[in-house]
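Presented below is the structure to which this report refers.
Quick note: numbers below take in every heavy atom, side chains included, and nothing from hydrogens, waters or symmetry partners. Just so it is clear, the model here is predicted, and its values are computed rather than measured. Throughout, numbering of the chain's residues begins at 1 and tracks the sequence.
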Amino acid sequence: MLRNGYIGRLAPSPTGALHLGNVRTFMVAWLRARQAGGKVILRMEDLDHPKHKPGAEVQAIEDLRWLGFDWDEAFTQSERKGLYAEALARLRAQGLAYPCVCSRSDIEAVQSAPHEGEQLRYPGTCRDRFGSWAEASAWKTSHCGKGGPATSPMPCWRFRTREGARVAFEDGFAGHYEMDVWETLGDFPLARDEEGAGYAIAVTVDDAAMGVTEVVRGDDLLPATPPQILLYQALGLPVPVFFHVPLVVGPDGRRLAKRHGDTRIASFCEAGVSPERLIGFLARSLGLIENERPIGLRSLIGLLDPARIPRGPLVYQGLT
Ligand code: GLU
């Protein structure tokens with residue numbers, strides 16, 4: 001695929017309705033692409049997920065169109081599983097992926113209690129344990145009887161992280177970021193699907209295949225980036241640059257969710273709020289305009305200046 005010029009993407013997950021927080025990040029992604037005269041890809045990240053909501057894909061597209069977003073190409077991850085299987089096969093051929101049957105509580109039991117928000121390091125229990133997915137799966141089935149801990153009946157694929165693996169990169173917004181992946185995560189999960197169709201593999205394979213030059217997303221995914229970079233390297237794929245923006249949080253400082261009231265785009269629409277009003281509110285919060293006023297998304301092209309995006313999260317207390 002064409003690799004000259006900026007290619008960005010919007011990557012909604014249909015695990016719930018699109019809300020103000022998603023849209024704020026998508027505005028940054030869309031404006032960075034359009035300001036660079038680049039392309040925007042819409043990628044529906046609909047791989048099986050316990051929180052998948054039927055119909056959420058269609059609603060997300062409707063919401064984005066209503067708000068004024070457009071895109072040059074669209075893809076759906078569930079139609080691309082062959083590519084993820086190929087990537088998994090390449091990792092396995094290098095000895096870099098193995099099946100693991102550990103549950104979260106198994107992992108917790110072998111390490112001291114992690115502090116809240118701290119990532120759980122995988123101690124490598126299953127590194128050299130199973131010869132195949134089928135073997136791991138049979139083990140899991142025979143050990144996850146009724147009444148046992150509520151764990152997934154499926155094994156997961158893990159990446160065999162090299163001891164001492166460190167990753168450092170310059171984020172376009174968050175600045176220098178580094179992680180000792182070996183110390184922090186150990187062998188990180190790749191997919192809970194026999195064929196490799198899971199977030200870590202899919203996002204990496206897709207961003208490379210679609211020629212994405214810059215990944216703009218919420219800064220909750222900053223810690224997911226170093227393991228993704230290890231995956232790009234293992235698969236011999238070009239690493240894009242990253243631009244992680246702060247999230248929208250509620251007055252309690254927690255990421256925007258149902259408990260903070262209904263911030264679904266569809267609900268604003270039903271309540272008679274215009275798309276220009278929502279865009280104007282978010283544009284003001286991103287430093288695109290001085291004073292809040294209704295404005296169309298397209299009129300903001302050229303106004304996004306990373307230096308004016310507030311460094312911290314937006315605390316949402318209702319539309320002003
Ligand atoms: N689909 C993911 C989400 O909505 C975003 C993944 C990414 O941007 O890498 O959380």
query = ring-ring contact (aromatic ring centres under 6.0 Å, His included): which pairs involve residues 288-320, sequence neighbours left out?
reply = F281-Y316
message = Has Q228 got a side-chain atom pairing as donor or acceptor with A200's backbone, closer than 3.5 angstrom?
response = no
Listing, residues 232-242 side-chain donor-acceptor contacts under 3.5 Å, not counting sequence neighbours, or none:
none

Looking at every non-hydrogen atom in both residues, tell me the closest pair between [X] and [Y] and how far apart they are.
| X | Y | result |
| --- | --- | --- |
| E195 | D193 | N-OD2, 2.9 Å |
| R80 | A209 | NH2-CB, 3.8 Å |
| R24 | L247 | NH1-O, 4.5 Å |
| R121 | E183 | CD-O, 3.0 Å |
| F173 | P310 | CZ-O, 3.7 Å |
| L185 | P227 | CD1-CG, 3.5 Å |

message = What I'd like to find out is whether the side chain of L31 reaches to under 4.5 Å of the side chain of L288, using heavy atoms alone.
response = yes
key: P12 vs F26 side-chain heavy atoms within contact, under 4.5 Å   = yes
task = Using distance alone, with no hydrogens and no angle criterion, decide if R158 and T125 have a side-chain donor and acceptor under 3.5 Å apart.
result = no
query = Can you tell me if D128 and Y98 form a side-chain donor-acceptor pair at under 3.5 Å?
reply = no
query = Hey, what else clusters with V203 if you join Ile, Leu, Val, Met, Phe, Trp, Tyr whenever side-chain heavy atoms sit under 4.5 Å?
reply = Y199, L221
ask   = With sequence neighbours left out, what residues match D46 under side chain to side chain donor-acceptor pair (under 3.5 Å)?
value = S78
remark   = Residue set satisfying side chain to side chain contact (heavy atoms under 4.5 Å, CB included) with A74, at least two apart, ordered chain then number -> L42, W71
key: Inter- and intrachain pairs under salt bridge (Lys or Arg N to Asp or Glu O under 4.0 Å), touching residues 87-98, at least two apart   = none
message = Taking the basic N atoms (NZ, or NE/NH1/NH2) and the acidic carboxylate oxygens, is any pair closer than 4.0 Å for D180 and R166?
response = yes
ask   = Under a 4.0 Å N-O cut-off, is there an ion pair linking E290 with R308?
value = yes
